[in-house]
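What follows is a set of notes on a single structure, which appears directly below.
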Amino acid sequence: MAAGAGAAHLPRAAGPCPPGVRQNPRPGRARLQRAHPRLLLARPLPRRYRPLPLYAPLPRGPQQVHLSLRPQGMLSARGPPCRPHHPRPRRRRGPPYRPVCLHRPDRPLHQDHGGLRPNASTLVSLLPLLAQHGALFQGTSIHAYCLRACLEQNEEQVLIGTALLDMYAKCKQLVYACRVFHGMPVRNDVTWSALIGGFVLCDRMTEAFNLFKDMLVEGLCFLSATSVASALRVCASLADLHMGTQLHALIAKSGIHADLTASNSLLSMYAKAGLINEATMFFDEIAVKDTISYGALLSGCVQNGKAEEAFLVFKKMQACNMEPDIATMVSLIPACSHLAALQHGKCSHGSVIIRGLALETSICNSLIDMYAKCGKIDLSRQVFDKMPARDVVSWNTMIAGYGIHGLGKEATTLFLGMKNQGFAPDDVTFICLIAACSHSGLVTEGKHWFDTMTHKYGILPRMEHYICMVDLLARGGLLDEAYQFIQSMPLKADVRVWGALLGACRIHKNIDLGKQVSRIIQKLGPEGTGNFVLLSNIFSAAGRFDEAAEVRIIQKVKGFKKSPGYSWIEINGSLHAFVGGDQSHPCSRDIYHELDNIMVDIKKLGYQADTSFVLQDLEEEEKEKALLYHSEKLAIAFGVLSLNEDKTIFVTKNLRVCGDCHTAIKYMTLVRNRTIIVRDTNRFHHFKNGQCSCGNFW
DNA sequence: TTAGGGTTAG
């Protein structure tokens with residue numbers, strides 16, 4: 001098959017033929033290659049990349065084409081009509097178009113402008129701009145102009161073809177990008193990179209990697225730092241470290257490892273895979289680092305729960321006089337959220353204000369999330385209200401913030417405001433909204449929003465939506481309905497869905513259903529320890545310690561380790577962490593003394609230890625002792641000692657807050673006249689005047 | 001003409 005055969009698009013022919021080669025009929029691939037051994041000839045794409053035709057072949061020959069600017073600022077091509085296979089969209093009524101010249105936008109094209117026309121260079125400069133803004137309509141107009149103006153000079157064909165391909169890819173029109181690619185008789189490394197990058201952009205990772213492999217088959221000369229960067233991104237996204245290391249070897253062999261783009265991509269791949277030590281070593285080996293090198297390591301640390309390491313990277317960056325940009329700060333701010341480190345978060349906020357980045361949408365989104373997760377939902381709302389431009393992430397983050405604070409009504413109101421302001425909710429919006437209803441016990445509302453999502457917005461529920469729904473129903477006490485809901489799901493329920501039901505079995509102490517669900521989970525293969533722990537806790541809470549111990553033995557045999565529970569508190573910008581019965585803190589004696597006093601006082605008010613939360617078979621007295629020094633109680637006692645009465649005590653726990661502690665903390669607010677906020681893995685508990693904001697529903 | 005680090009949910 002001749003190179004580019006079947007192409008009806010811009011790179012219709014290779015332009016002026018190389019000497020000795022006839023243009024028509026098209027020369028055979030082998031003949032052309034013999035005549036010009038250095039010419040890189042494209043092969044037809046494999047069938048899987050071949051798209052449907054967009055336009056029928058156009059008549060050849062120079063055509064008069066005008067590019068016009070619509071009143072709304074949209075470019076349009078005028079000239080001999082295209083012959084599309086499908087009807088063209090109808091023009092909107094409105095004032096007549098004002099034709100303009102592309103390279104002289106101040107002068108209309110129909111006026112005399114010295115015979116100047118946009119040439120290949122003009123268009124190649126313009127197309128990336130359109131791609132950047134996702135201006136598909138204008139890009140298509142340029143494509144039409146290229147066809148009509150016969151911009152087919154051989155050396156320009158690759159440039160224009162690649163720029164068009166990239167424009168379509170950035171506009172997520174892969175069918176058309178492939179069409180252009182397929183029609184190009186000559187391609188270069190940039191062409192391949194642009195198409196692979198397009199597949200990555202559209203999250204079609206496997207196809208992107210297949211394309212990368214096809215590129216290598218086509219010729220190693222196409223291998224570049226750019227295409228490797230996209231391929232490494234695929235490996236990171238698919239968590240395919242094996243493929244990533246193979247690519248690393250390929251990079252080293254091909255000699256592009258010295259390229260900073262390639263190095264940063266490798267660094268990012270290792271960091272995202274959680275190999276922070278390896279990533280750090282790799283980072284240290286990069287001779288001349290840029291902001292992206294620091295950003296890649298920093299975000300890798302945050303994404304893998306190593307927030308403290310992220311701060312160290314940021315410190316290093318500052319020590320090297322490297323100015324953090326938007327992406328750096330957007331990566332750093334969530335580190336404060338993870339640690340619930342409000343002081344650090346406020347410092348980061350100040351830092352973005354000083355740098356003039358405080359009103360950037362992505363920065364504001366991070367700040368909304370940070371303040372919400374640091375217990376300051378009112379500050380989240382302030383940031384949200386002051387944003388000059390919001391996107392769907394801003395709304396989702398604010399709704400999620402209300403959700404974790406148990407403010408389901410506020411979340412619903414905000415969602416209605418979102419609709420009124422013309423923002424289209426996405427699938428994540430409904431996850432946030434249903435989860436917010438779930439945290440507030442708004443079962444009917446949650447069901448309504450699930451139906452609205454599917455019927456009104458046509459959003460197909462994902463597994464995450466089903467998890468939220470099961471959580472909503474089961475947590476609300478509708479265990480049987482939740483079970484029926486799982487049975488009726490069109491998707492096969494995974495461990496997380498059943499895990500949500502099992503969690504509710506623990507809350508509502510339904511042992512029979514818990515055992516049944518647990519058997520299902522074990523057949524599916526439990527992920528991590530959570531489900532074993534839940535089942536064991538269900539047995540323990542019912543006093544069936546033998547069976548609880550049995551589950552723990554199975555857990556041990558299967559090699560799962562339970563993560564230890566711990567709590568931490570930020571005092572004057574320093575974080576203090578405690579595990580249960582911890583005596584390692586320098587102020588340990590004072591902390592224990594204060595906690596003992598508090599316990600005496602709250603017992604006077606009627607507090608009684610709920611020993612059902614002790615998960616081992618101990619004597620009653622020992623059980624009370626085990627509860628007494630839970631990590632959250634120790635952290636609160638340290639907060640009472642360290643903070644003035646008017647200050648809120650804010651404690652974070654890596655697990656769900658213990659039920660006995662939940663009761664004790666309510667009493668603590670009374671005997672020490674304090675406001676206490678506890679953030680656990682699920683939500684916030686605002687304790688004040690003997691009450692908790694969760695209404696005992698968590 | 002291409003590319004490397006970024007925010008939300010579960």
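All values derive from a computational prediction rather than experimental measurement. Numbers restart at 1 for each chain; the letters A, B, ... are given by sequence-line order, proteins then strands. Computation of the quantities below employed the complete heavy-atom set of this structure, encompassing side-chain atoms and omitting hydrogens, waters and symmetry-equivalent molecules.
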So what does [X] touch, heavy atoms closer than 4.0 Å: a base, only the sugar-phosphate, or nothing?
X      : value
A:D290 : base
A:T397 : sugar-phosphate
A:S331 : sugar-phosphate
A:A400 : sugar-phosphate
A:I368 : nothing
A:T429 : nothing
A:L127 : nothing

Nucleotide [N], atom [atom2] - distance to [atom1] of [X] in whole Å:
X      : N     : atom1 : atom2 : value
A:F314 : B:dG6 : CZ    : C1'   : 14 Å
A:F430 : B:dT8 : CZ    : C1'   : 15 Å
A:Q132 : B:dA3 : CD    : P     : 11 Å
A:D369 : B:dG6 : CG    : P     : 15 Å

Checking only heavy atoms, does the side chain of [X] share a donor-acceptor pair with the base of [N] at less than 3.5 Å?
X      : N     : answer
A:N365 : B:dG6 : no
A:T226 : B:dT2 : yes
A:T328 : B:dG5 : yes
A:D325 : B:dG6 : no
A:S366 : B:dT7 : no

Distance flag, aromatic centroids of A:F384 and A:W395, threshold under 6.0 Å:
yes

(Q) For the aromatic rings, using the six-membered ring if either is Trp, is the centroid distance between A:F282 and A:H248 under 6.0 Å? (A) yes

By nearest atom, which of the nucleotides [options] is closest to the [X] side chain?
X      : options              : value
A:C432 : B:dT2, B:dT7, B:dA9  : B:dA9
A:A435 : B:dA3, B:dG10, B:dG6 : B:dG10
A:V393 : B:dG4, B:dT7, B:dA3  : B:dT7
A:T261 : B:dT8, B:dA3, B:dT2  : B:dA3
A:Q303 : B:dA9, B:dT1, B:dT7  : B:dT7
A:S193 : B:dA9, B:dT2, B:dG10 : B:dT2
A:N264 : B:dG4, B:dT2, B:dG6  : B:dG4
A:A296 : B:dG4, B:dG5, B:dT2  : B:dG5
A:S265 : B:dT8, B:dT2, B:dG4  : B:dG4

Under 4.0 angstrom between [X] side-chain N/O and [N] OP1 or OP2:
X      : N     : value
A:R233 : B:dG4 : yes
A:K272 : B:dG4 : no
A:T291 : B:dG5 : no
A:K170 : B:dA3 : yes
A:S362 : B:dG6 : no

Please table the atom pairs, donor to acceptor, closer than 3.5 Å between any side-chain atom in residues 423-433 of chain A and protein atoms at least two apart or in another chain.
{"from": "A:D426", "atom 1": "OD1", "to": "A:N396", "atom 2": "ND2", "distance (Å)": "3.2"}
{"from": "A:D426", "atom 1": "OD1", "to": "A:V428", "atom 2": "N", "distance (Å)": "3.1"}
{"from": "A:D426", "atom 1": "OD1", "to": "A:T429", "atom 2": "N", "distance (Å)": "2.9"}
{"from": "A:D426", "atom 1": "OD1", "to": "A:T429", "atom 2": "OG1", "distance (Å)": "2.8"}
{"from": "A:D427", "atom 1": "OD2", "to": "A:R462", "atom 2": "NE", "distance (Å)": "2.9"}
{"from": "A:D427", "atom 1": "OD2", "to": "A:R462", "atom 2": "NH2", "distance (Å)": "2.8"}
{"from": "A:T429", "atom 1": "OG1", "to": "A:N396", "atom 2": "OD1", "distance (Å)": "2.6"}
{"from": "A:T429", "atom 1": "OG1", "to": "A:D426", "atom 2": "N", "distance (Å)": "2.9"}
{"from": "A:T429", "atom 1": "OG1", "to": "A:D426", "atom 2": "O", "distance (Å)": "3.4"}

Rounded to the nearest 0.5 Å, the CG atom of A:L332 sits from the CE atom of A:M317 at a distance of 9.5 Å

Within the 3.5 Å criterion, strictly below it, is a donor on A:D369 or A:T397 matched to an acceptor on the partner's side chain?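 No, A:T397 and A:D369 have no side-chain donor paired with an acceptor closer than 3.5 Å.
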
Which of A:Y176, A:F181, A:F199 passes ring pair (Phe, Tyr, Trp, His ring centres under 6.0 Å) with A:Y168? Answer is A:Y176

Which of A:Q382, A:K376, A:H349 passes side chain to side chain donor-acceptor pair (under 3.5 Å) with A:Y371? Answer is A:H349

